[in-house]
There are 2 protein chains.
Amino acid sequence: MARLGAAEAVFNVLRGEIESGKLEVGAKLSSEAALAQEYGVSRSVVREALRSCTALGLTMTRTGKGTFVIANRVAADLVLGQYSARDLTEARPHIEVPAAGLAAQRRTEEELESLRGIVDAMSSEDDPEVWVTLDSSFHAAIARASGNRVFERVVADIREALANQSETLNMVADRKIASDREHESILHAIEVGSSEDAQAAMEAHLHAVGVALNSILNK
Amino acid sequence: MARLGAAEAVFNVLRGEIESGKLEVGAKLSSEAALAQEYGVSRSVVREALRSCTALGLTMTRTGKGTFVIANRVAADLVLGQYSARDLTEARPHIEVPAAGLAAQRRTEEELESLRGIVDAMSSEDDPEVWVTLDSSFHAAIARASGNRVFERVVADIREALANQSETLNMVADRKIASDREHESILHAIEVGSSEDAQAAMEAHLHAVGVALNSILNK
DNA sequence: GCTGTCCGGCTGTCTGACAGGTTCACACAA
DNA sequence: TTGTGTGAACCTGTCAGACAGCCGGACAGC
């Protein structure tokens, strides 16, 4: 292991506090001068550490105001870049369908409760923006329940990229009723541990969503 | 667009030169003092810009020696982190099999030639290390030929993560003959445009590789 | 209540300095 | 001739201090 420079060390501490959630998204960090004093280093070192955090998309610095946490993990966009809606909708089923199948086999009771909570919250949610966030959480929770970290990560990245496309929001209002029902089927299959049903339900759901999205994109 | 600070501007220039290939991997950057003079800024600014590059995994700085380019794109590890061999081998088929199917439908003549070149080079290659690199290129080329950038990206990331696992190299010597034959089948299916055959051949190949890997891991 | 001004805090950048790592040439000894 | 070691030159890592410009709030005047 390379001997850590001071700047590297401060960066690691800050990154740890951000990724662990000790520093929440939106939180304002102490001023550079205060951090310098706190860690017993010069302001240059603190600035370089903050520059690293900013490069990773974890923080944002605004002149005269301070540095703020804007994400608690390294942004997928950094690596994934921009994908077309066509590529994303084409790829999604191949990841999320098997993930749903594995989730049906491997989900724990806690994960099941979490999924149930999300589905219930969605059905009684009217604000489209909140609903979209919950929808993201639902798919992410299934990927997590698959027990495969690759699926978990790729699903998160794909959904993040999709969320950045403005068309998504326009679609959800129309699809809400149907989606609620489809989510319920997926959850039920995972609950009873039927891998085949979970895959079929997820496939049907993604297919329906893909059709709806395409009809908007081709308009 | 936020007005660019000087450090941000220098960082953008450096990142551009690295990602465009103008600065090749392995190249040594000018010293901080030289860069400062070149861009008309202070050394602090240059150091912050370099710190950003380093945070993204593009460069590495060694005390007393200088700063070197170590990658021409943002490293996947940055986001993907560490995955277990089990997770990787479980996820691979779900990505690479459909990618092979799409490649059979969409590949261009150039992509086909490229694939043929890689397969030929592999069959007459004895050095395991070189062979592994070519193997990576083969799978990456198929993902590229799928015409779906999500598959292309995810395959690259998965293979990069796999390449970091030392077991991989131990396996290839034994699998070389069989793999050569399997690669040939995949290529043939893509050549004649049979999506089903390409998927089946890729599935058989990954299954065989997965079995071989597991037998090593469980030893 | 509204407005304009001022002040304190913060970031952005610059300068100059010194410690410590790295390399290489050159003089000196075996 | 060969080997050694020693110092100079160059590099990064860090520090302290300084100043300009941005920002938000306090405050006086209208």
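Just so it is clear, the values below take in all heavy atoms, side chains as well, and ignore hydrogens, waters and symmetry mates.
We find that E111(B) and R144(B) are not joined by a salt bridge, their nearest charged nitrogen and carboxylate oxygen being 4.0 Å or further apart. Using a 4.0 Å cut-off between charged nitrogen and carboxylate oxygen, R107(A) and E113(A) do not count as a salt-bridge pair. Classification of E90(A) and R106(B) as a salt-bridged pair holds, one side-chain N sitting under 4.0 Å from a carboxylate O.
Closest to the S44(B) side chain, of the nucleotides dC15(D), dT15(C), dT13(C), is dT15(C). When distances run from any side-chain atom of T61(A) to the nucleotides dT14(D), dG12(C), dT13(C), the shortest one goes to dG12(C).
Sorted by first then second residue, the salt bridge (charged side-chain N to carboxylate O under 4.0 Å, His left out) pairs that include residues 131-141 of chain B, not counting sequence neighbours, are D135(B)-R159(B). Note on residues 54-67 of chain A: no pairs pass salt bridge (charged side-chain N to carboxylate O under 4.0 Å, His left out), not counting sequence neighbours.
With rounding to whole Å, F68(A) atom CZ is found 11 Å from dC23(D) atom C1'. Rounded to whole Å, the distance from CZ on R47(A) to C1' on dT14(D) is 15 Å. Following rounding to the nearest Å, E8(A) (CD) and dG13(D) (C1') show an atom-to-atom distance of 12 Å. Regarding R51(A), its CZ atom lies at a distance of 10 Å from the C1' atom of dT11(C), rounded to whole Å. Put simply, CD on Q37(B) is 15 Å from C1' on dC14(C), counting in whole angstrom units. As rounded to whole Å, 13 Å separates atom P of dT11(C) from atom CE of M60(A).
Surrounding CD of E38(B) are more than 12 heavy atoms belonging to other residues, nucleotides or ligands, all under 6.0 Å away.
Put simply, the side chain of R43(B) and the base of dT14(D) share a donor and an acceptor less than 3.5 Å apart. The base of dG13(D) lies outside donor-acceptor range of the side chain of R62(B), with no N or O pair under 3.5 Å.
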Distances for protein N or O near nucleotides 7-10 of chain C N or O, under 3.5 Å:
residue : atom : partner : partner atom : Å
dG9(C)  : N2   : G64(A)  : O            : 3.4

